[in-house]
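Heads up, the thing below is written out as structure tokens.
Residues: numbered from 1 along the sequence shown.
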Amino acid sequence: VGSVLSSYGWYMLLAVVAVYLLVQKVSRSLARSSARPGAAEAAEEPDVVVRRQEALAAARLRMQEELNAQAEKYKEKQRQLEEERRRQKIAMWESMQEGKSYKGNLKLNQQEVESGASASAVPKSKPNKKPLRGGGYNPLSGEGGGTCSWRPGRRGPSAGG
């Protein structure tokens, strides 16, 4: 007995643990299936199933109607934007035909659109920021750059490779 236990002891221990875990898993699944008496009753009560399916279909229909309404709103907004773009292009073309600068008119139209949008939104104030580098900084000249400067290495046969 001692020689068998010393030869196959670890294998026996692993087998016992595996059987224990398997029994626990099976007992949990059986407990879950027996803990659901509502599932068996629903199968017996067709009225409950029909009411549940009707409620689900009604909820799906409501969600689909909401989605369709949102899609209509989006399409209408896109139509309005397209109409505004078309009007801007027509105005630009007319100003070009008259010999006026079309860029000035375009900027005015954009400012009007932005002013209308900013009237409804709260304007954000920008804090005064100082520049990161001084005005005399030029990375190509090598002056005023600070402590870091890169120089290429020497050419020669000792470069290796």
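- Between the side chains of E72 and N68, no donor-acceptor pair is found at a separation under 3.5 Å.
- Side-chain contact between K73 and K77 is absent, with no heavy atoms from C-beta onward closer than 4.5 Å.
- M12 places a side-chain heavy atom less than 4.5 Å from the side chain of V4.
- Annotation: salt bridge (charged side-chain N to carboxylate O under 4.0 Å, His left out) contacts of E98 (sequence neighbours excluded): K100.
- Checked against salt bridge (charged side-chain N to carboxylate O under 4.0 Å, His left out), R28 has no partners two or more places apart in sequence or in another chain.
- By the 4.5 Å heavy-atom criterion applied to side chains, E94 and Q97 are not counted as neighbours.
- The existence of a salt bridge linking E82 and R79 is excluded, since no basic side-chain nitrogen approaches an acidic carboxylate oxygen closer than 4.0 Å.
- With sequence neighbours left out, E66 forms a salt bridge (charged side-chain N to carboxylate O under 4.0 Å, His left out) with no residue at all.
- To the nearest 0.5 Å, atom CG of residue L61 and atom CD of residue E54 are 13.0 Å apart.
- Rounding to the nearest 0.5 Å places CG of L13 at 10.0 Å from CG of L5.
- Partner of I90 under the side-chain contact (heavy atoms from CB on, under 4.5 Å) criterion, out of M92, R87, R86, Q88: R86 alone.
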